[in-house]
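Only one structure is covered here, and it is reproduced in the block below.
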Amino acid sequence: MKNVKQAQTYLYRVVLDTVSDVNAFNRAATACKGEVYLVGEHMKINAKSLLGAHMARVAWDELYVEADFDCYHAFEKFII
C-alpha cells in the first residue's frame, strides 16, 4: 500500500481596510512560494494578483486567505 499525503488547507479571515493594506498583503502573498488565494462570496482568486486583491477588498464583505501551507506569519497583521 502506498503512502498518500493528503493536502492540508489553511484558512484565515483577513481585513484589508486601505489601499496600503492591499499593497502590503499583495507583497506578502507574492513572496510566498506556494499558492495563495483570497476567498469570499463563493469565489476564489489568486492573492498574488494586485488587481484581484483590490477588487476583492471592494466587492466582498468577508475575505479569507487560503494556502496549502501555514501562512499565518506571512499575513498575521491582516488576520482577525
Quick check: closest heavy atoms across [X] and [Y], and the distance to 0.1 Å?
X	Y	answer
A53	I45	N-CD1, 4.0 Å
A47	A29	O-CB, 3.6 Å
F69	G34	CE2-CA, 3.8 Å
V19	H54	CG1-CE1, 3.5 Å
F78	D21	CE2-O, 3.6 Å
A56	L38	CB-CD1, 4.2 Å

Say whether M43 and F25 are linked into one hydrophobic cluster, either directly or through other cluster members, by side-chain heavy-atom distances under 4.5 angstrom. yes

ILVMFWY cluster, V39 and W60 together (side-chain gap under 4.5 Å): no

Side chains of L50 and N23, heavy atoms from C-beta outward: is any pair under 4.5 Å? yes

Report the C-alpha distance between Y12 and Y72 in whole Å, list the side-chain angles of each, state the deciding distance to 0.1 Å, and finish with yes or no for ring-ring contact (aromatic ring centres under 6.0 Å, His included). CA-CA 8 Å; Y12 299 103; Y72 180 85; 5.6 Å; yes

Quick check for you: to the nearest 0.5 Å, what is the distance between [X] atom [atom1] and [Y] atom [atom2]?
X	Y	atom1	atom2	result
D61	E41	CG	CD	5.0 Å
M55	S49	CE	OG	8.0 Å
N46	T30	CG	OG1	8.5 Å

For side chain to side chain donor-acceptor pair (under 3.5 Å), just list the numbers for D68 and Y37, CA-CA rounded to whole Å, side-chain angles, deciding distance to a tenth of an Å, and then say yes or no. CA-CA 10 Å; D68 58 355; Y37 298 98; over 6 Å; no

Check the pair Y64, E66 against side chain to side chain donor-acceptor pair (under 3.5 Å), reporting the backbone distance first and the verdict last. CA-CA 6 Å; Y64 295 86; E66 177 185 284; over 6 Å; no

